[in-house]
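These notes are about the structure you will find just below.
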Amino acid sequence: MGEQTTTTKSMDDIMALCKRRGFVYQASEIYGGVNGFWDYGPLGAQLKKNLRDAWWQDVVMLGCCGKAGPDGKPVRIVPVDTCIIQNPKVWEASGHVGGFNDPMVIDQSTPDGKRFRADHLYGMYLTWSIDESPDEMLEVLEGYANDTTRDFPHGPNLTCVASGPEEALGVFRSVEKKIRAEIRVYEGSHRYPVFEYISKRGDHDKPIFGAVFPVPQWILKRHSACVPSPFNAPSPELFAQIPPQGKVSELMAPRAFNLMFKTYIGATATEDDIAYLRPETAQGIFINFKNVVDTTRVSLPFGIAQTGKAFRNEVTPRNFTFRSREFEQMEIEFFCHPDEAKAWYTFWRDWRMQWWQDLGLGGENLILREHDTDELAHYAKEGAGTSDIEYRFPFTAPGYGELEGIADRTNFDLKQHQEHSKKKMEYHDTTRGELLPNGQPKGEWYLPHVIEPSAGLDRGVLALLCEAYTPDPDRPSKVYMKFHPRIAPIKAAVFPLVKKDGMPEKAREIHAALVTRFGRFGAIEFDEKQSIGKRYARMDEAGAPFCFTVDGQTLEDGTVTVRDRDTLEQTRIPEAQVPDFLGERLGL
RNA sequence: GCGGGCGUAGCUCAAUGGUAGAGCGUCAGCCUUCCAAGCUGAAUGUUGACGGUUCGAGUCCGUUCGCCCGCUCCA
């Protein structure tokens, strides 16, 4: 790893090279593109495949490269390949339907456009007629909340951000004694507090009634101008500034909140046929956990691995391929006994970090970051922890962007699927439990805990591209791609120094030999056009680690020159040793 | 989604409202015994798209698509 950090690299230059050399194209480019989608060109596709293969080989086929697990035994991983479209109930169980991403509302009246979760916005509604009863009021409110076709008489008089109606009531109660007394908690279909209210304004001292009620999304969409800005712990001055009903407020409509792509199964395309493109590959693994256990001779602890496309209707696709709407994941769900989760979490976190480093993402650009407890996902709160392997991309520098997340998901997913599918997900562990008189363990039933190392393949490719990109004003190409030989899309090139004297023929022989042996791992280039300098320069930009050149001396003593991409050094080796030389450098 | 910037050849960029150009790259030929060398030649654009103003629009206006930067997020 050189001193070159990504902070000194230009993302624009990297993107230009990606286009120029056929790594990444904008998807549907000739039609103006589609936001959030990218295509891989010839070199990019090979690079991506090499990374996916490296993961597959090291994780699945070699079981963590043969490294022993925390129990001292080989790590067992088996693969699956599950559908992008599953029964919609899968996504209800996983929690993706209805709330994958929380809807946000922006308050533009605050200087920095403060934003908060729309479902945390509560309103204080007051009866608009003194004679109304609280029951009538709630009835009307709930009726309007459910029927989005009717026009709402008016929005809430006050709003605040709170985690629940009770907390919201507390905030409202603190507003300058506007609320004299809380009458009771309404015992209807919801638990929304109803209170007695005496206005300081006006000349009536009869109580009127108010209720704390969530502000429905559709009210925000259609009546954002009628909804007062939210506040917390208001001062008297602030309260005086709350826009009265009907006046302009700056709450914006909440943004879309289901980030799954919808589609239809069958040709009729009715509401009953709705299905979703998976937002993660993980659920395909969880729902097949029992199948794998029942049909494969695996026993806990073991992992199930899968690579594949996933889809998220991101609000803001950005940063080249970093946040795409269609992307590929490399996921492992590793199942183990709850007592062993901590040890396995640590094991995976450290090994996955090591893996990325071994592929060339070493140095200061790669960090392992343990999550703070307050940023944990709901399913990980009880677990041993969550950590990210993060890379310092040029567009995130000096910060980092996530490459892979390692999370202890506890038994959350299996439990969810067990509840929703009514199918038993528990694992019968015959190695546990008290010993029976005959010396056999009694066995133990339990829901395994899951450690999930989930990596973004496209993000991995992007990180490799950024890391490899190495400006060098001293060489003709001004830049070269310093790919690790293992993942380099072009493994080597063979050139005749000049196109005469039998050099092209000799070079073709060497080229053919290399293709036979290494062609399945990546491209072996042959080029006899133009000057040798141009050909070297082209290989620099493509990131080919080695170039073999046939020259006049080759025809005399059978040696060729090897040009090292990174050091620019040239050494002579016998022609017959070229395949072994390359094989050794590629680790094959 | 909101705010700001941008969109001309494969790439980097020119062109007062008046005939769309250059460099590099690509390709062909010649030459060439190690780093985009040299010479000759060639191909490449509905100026992102649609509409409007104008005698005339790459240029001005509107709409739309896309990209970049912030707010947000997470594989």
Side-chain angles (χ1 to χ4, degrees), chain A residues 11-13 15-22 25-37 41 100-106 108 112-117 250 252-257 259 279-282 307 309-312 314-324 327-331 371 375 377 386 388-390 395-396 400-407 452-460 462 474-480 495-501 503 529-541 547 549-555 560-561 563 568 570:
Chain A
M11 203 57 214
D12 286 343
D13 291 344
M15 290 171 69
L17 184 141
C18 283
K19 172 72 186 291
R20 189 167 69 240
R21 288 298 166 189
Y25 309 127
Q26 187 181 19
S28 315
E29 189 182 84
I30 63 171
Y31 290 105
V34 217
N35 195 356
F37 296 87
F100 179 63
N101 207 12
D102 302 315
M104 303 298 285
V105 172
I106 303 172
Q108 286 196 318
D112 53 349
K114 187 172 162 36
R115 53 181 58 216
F116 49 88
R117 286 173 53 168
E250 320 238 357
M252 320 241 354
R255 59 190 198 191
F257 60 94
L259 298 192
E280 62 176 26
T281 53
T307 69
K309 288 279 183 86
F311 304 82
R312 292 182 194 175
E314 294 289 348
V315 178
T316 311
R318 204 160 282 191
N319 288 331
F320 202 28
T321 61
F322 184 76
R323 175 164 289 121
S324 305
F327 59 100
E328 188 161 349
Q329 295 182 300
M330 306 184 293
E331 288 197 305
H371 277 210
E375 56 179 322
T386 299
D388 285 346
I389 296 170
E390 298 184 331
F395 49 79
T396 60
Y400 296 79
E402 185 185 353
L403 210 56
E404 172 163 350
I406 297 95
E452 177 194 78
S454 173
L457 175 53
D458 302 89
R459 288 185 175 184
L462 184 57
D474 293 334
R475 66 175 72 199
S477 57
K478 307 299 182 204
V479 64
Y480 65 105
F495 304 144
L497 185 57
V498 293
K499 195 168 54 176
K500 63 179 185 184
D501 299 340
M503 293 182 206
K529 301 292 181 60
Q530 298 171 321
S531 70
I532 188 73
K534 280 194 181 188
R535 286 175 270 162
Y536 284 150
R538 268 196 287 263
M539 287 302 110
D540 276 348
E541 278 205 336
C547 296
T549 301
V550 171
D551 58 15
Q553 193 177 334
T554 306
L555 307 175
V560 298
T561 62
R563 174 194 185 263
L568 298 182
Q570 292 192 33

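Proteins come first, then strands; the chains are lettered A, B, ... in the order of their sequence lines, and each starts at number 1.
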Measure [atom1]/[X] against [atom2]/[N] and give the value in whole Å, please.
{"X": "A/K19", "N": "B/C24", "atom1": "NZ", "atom2": "P", "result": "20 Å"}
{"X": "A/D501", "N": "B/C34", "atom1": "CG", "atom2": "P", "result": "13 Å"}
{"X": "A/D388", "N": "B/C74", "atom1": "CG", "atom2": "P", "result": "10 Å"}
{"X": "A/Q570", "N": "B/C35", "atom1": "CD", "atom2": "P", "result": "8 Å"}
{"X": "A/F320", "N": "B/C74", "atom1": "CZ", "atom2": "P", "result": "23 Å"}
{"X": "A/R563", "N": "B/C35", "atom1": "CZ", "atom2": "P", "result": "11 Å"}
{"X": "A/M11", "N": "B/U12", "atom1": "CE", "atom2": "P", "result": "13 Å"}
{"X": "A/E402", "N": "B/C74", "atom1": "CD", "atom2": "C1'", "result": "5 Å"}

Quick one: do [X] and [Y] make a salt bridge, cutoff under 4.0 Å?
{"X": "A/E541", "Y": "A/R21", "result": "yes"}
{"X": "A/R563", "Y": "A/D540", "result": "yes"}
{"X": "A/E390", "Y": "A/R459", "result": "no"}

Drop me the distance from A/M11's CE to A/F320's CZ, to the nearest 0.5 angstrom.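 One gets 5.5 Å once the value is rounded to the nearest 0.5 Å.
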Just verifying a value: how many Å separate A/Y480 OH and A/L17 CG, rounded to the nearest 0.5 Å?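 Answer for the OH-CG pair, A/Y480 versus A/L17, is 13.5 Å.
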Does A/D551 or A/G401 map to a spot on RNA chain B nearer the 5' end, using the closest nucleotide for each?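 Here A/D551 is the residue nearer the 5' end.
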5′-ward residue of the pair A/V34/A/S454 relative to RNA chain B: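 The residue whose closest nucleotide sits nearer the 5' end is A/V34.
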Pick out the pairs of N or O atoms, protein on one side and nucleotides 36-40 of chain B on the other, that lie under 3.5 Å.
from: B/A36; atom 1: N7; to: A/P476; atom 2: O; distance (Å): 2.6
from: B/A36; atom 1: N7; to: A/S477; atom 2: N; distance (Å): 3.3
from: B/A36; atom 1: N6; to: A/E541; atom 2: OE2; distance (Å): 3.3
from: B/A36; atom 1: N1; to: A/R21; atom 2: NH2; distance (Å): 3.3
from: B/A37; atom 1: OP2; to: A/S531; atom 2: OG; distance (Å): 3.0

Would you say B/C65 has OP1 or OP2 under 4.0 Å from some side-chain N or O of A/N35? no
So, OP1 or OP2 of B/C67: does either fall under 4.0 Å of a side-chain N or O from A/N319?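 Answer is no, no contact under 4.0 Å.
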I need the minimum non-hydrogen distance between A/P279 and A/R312, along with the two atoms involved. O-NE, 2.8 Å
For residues A/Y536 and A/T549, is any side-chain donor paired with an opposing acceptor at under 3.5 Å?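 Yes.
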Toss me the dot-bracket line for RNA chain B: Watson-Crick and G-U wobble, both under 3.5 Å, 5' to 3', using | for pairs to another strand and [ ] for crossers. (((((((..((((....[..)))).(((((.......))))).....(((((..]....))))))))))))....
Applying the side-chain contact (heavy atoms from CB on, under 4.5 Å) criterion to A/L497, which one of A/T554, A/V550, A/I532 satisfies it? A/I532
With no hydrogens and no angle check, is any side-chain donor or acceptor of A/E331 less than 3.5 Å from a backbone partner on A/A282? yes
Proximal nucleotide (of B/C34, B/C11, B/C67) relative to the A/M15 side chain: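 So the nucleotide nearest the side chain must be B/C67.
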